[in-house]
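Data first, discussion second: the structure below is written as structure tokens.
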Amino acid sequence: MICPHCGFNNIPGSEECAQCLQDLTHLDRPAPQDHIERCLMEEAVEVLQPTRPVTLWPSASLRQAIQTMVAHNVGALLIVDEDGHLAGILTERDLLMRVVGLHERFEDLPVSMFMTCEPETISLRDKLVFALHKMDCGDYRHLPVVDTERRAVGVISVRDMLRYLAALCKNHE
């Protein structure tokens, strides 16, 4: 990668010029090829209008968690402390992989035993492509949305992304 400031030929992918130390990261960003890519790269998570999180405390029982998921028709609960700071996430997949068939009389066990602690998160200002990348790399169906103090403010799901993409395709016909 040629430095535009001093002309030095750097190793491809270098973040700064080895000679003049100028920032080169802006030279290595992919350019959107179409309307959909442009929207994913420029729009922030807030355009998805993340749903308000359904929350429980770590001491809640799995019975309470399952009843809450069913009552609210959600596939993920955010587990928060007394101040609303994110402590973990409990998903349908967690219940299937960590509970069912592995524990007898699990109903009264605390959520904290089975939740994913310190899950990956995003903010409302993060770009959609960043959220999509996290979901893909981590094989997540849900991502907690947090504020700067790591308080839970929302949740986005793969379904939210699909609806957004479908609307983009429909509007761009």
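Remember, it's a predicted structure, so these values are computed and weren't measured experimentally.
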- Around atom CD of E15, are there more than 12 heavy atoms of other residues, nucleotides or ligands at under 6.0 Å? no
- Message: Counting only heavy atoms from other residues, nucleotides and ligands, does the tally under 6.0 Å from CZ of R93 exceed 12?
- Response: yes
- Between the CD atom in E42 and the CZ atom in R38, the distance rounded to the nearest 0.5 Å is 6.5 Å
- Task: Let me see the working for V155 and D160 under side chain to side chain contact (heavy atoms under 4.5 Å, CB included), right down to the final yes or no.
- Result: CA-CA 10 Å; V155 176; D160 297 328; over 6 Å; no
- Using modelled atom types only, decide if a donor and an acceptor are shared between the side chain of S14 and the backbone of C17 within a distance under 3.5 Å. no
- Within 6.0 Å of NE2 in H5, more than 12 heavy atoms from elsewhere: yes
- Message: If you apply the rule side chain to side chain contact (heavy atoms under 4.5 Å, CB included), what do you find for W57 with V80, and how did you get there?
- Response: CA-CA 5 Å; W57 290 339; V80 297; 4.2 Å; yes
- Message: Show the nearest heavy-atom pair for residues I156 and M135, with the distance to one decimal.
- Response: O-CE, 4.0 Å
- Item | Whether over 12 other heavy atoms sit under 6.0 Å from E107 CD | yes
- Interatomic spacing from OG1 in T68 to CG in L62 - rounded to 0.5 Å: 11.0 Å
- Separation of S157 OG from Y140 OH (nearest 0.5 Å): 16.0 Å
- Tightest non-hydrogen contact, residues A44 and L124, listed as CB-O, 3.4 Å
- Item | More than 12 heavy atoms of other groups within 6.0 Å of D23 CG | yes
- Task: Show your working on side chain to side chain contact (heavy atoms under 4.5 Å, CB included) between F114 and D94 and close with a plain yes or no.
- Result: CA-CA 7 Å; F114 305 100; D94 291 329; 5.5 Å; no
- Taking every heavy atom of I2 against every heavy atom of L27, the minimum-distance pair comes out as O-CD1, 4.2 Å
- Message: Tell me the closest heavy-atom pair linking P53 and L78, and the distance in Å.
- Response: CB-CD1, 3.5 Å
- Message: Are more than 12 heavy atoms, taken from residues, nucleotides or ligands other than I11, located less than 6.0 Å from that residue's CD1 atom?
- Response: no
- Task: Evaluate whether atom CD of E16 has more than 12 neighbouring non-hydrogen atoms of other residues, nucleotides or ligands under 6.0 angstrom away.
- Result: yes
- How far does CG of D83 sit from CD of E149, to the nearest 0.5 angstrom? 9.5 Å
- Could you give the distance from CD (E92) to CG (L77), rounded to the nearest 0.5 Å? 9.5 Å
- Query: Out of curiosity, Q22 CD to F8 CZ, how far, rounded to the nearest 0.5 Å?
  - Reply: 14.0 Å
- Message: As a quick check of understanding, evaluate side chain to side chain contact (heavy atoms under 4.5 Å, CB included) for K134 and I122, giving each step before the final call.
- Response: CA-CA 9 Å; K134 278 192 172 194; I122 51 171; 4.0 Å; yes
- Message: If hydrophobic clusters are built from ILVMFWY residues whose side chains come within less than 4.5 Å, do F130 and V47 share one?
- Response: yes
- Message: Using a 6.0 Å cut-off, check whether atom CZ of R159 has over 12 heavy atoms from anything other than its own residue.
- Response: no
- Note on the structure: Heavy-atom closest pair (H142 atom, A76 atom, distance to 0.1 Å) is CG-CB, 3.6 Å
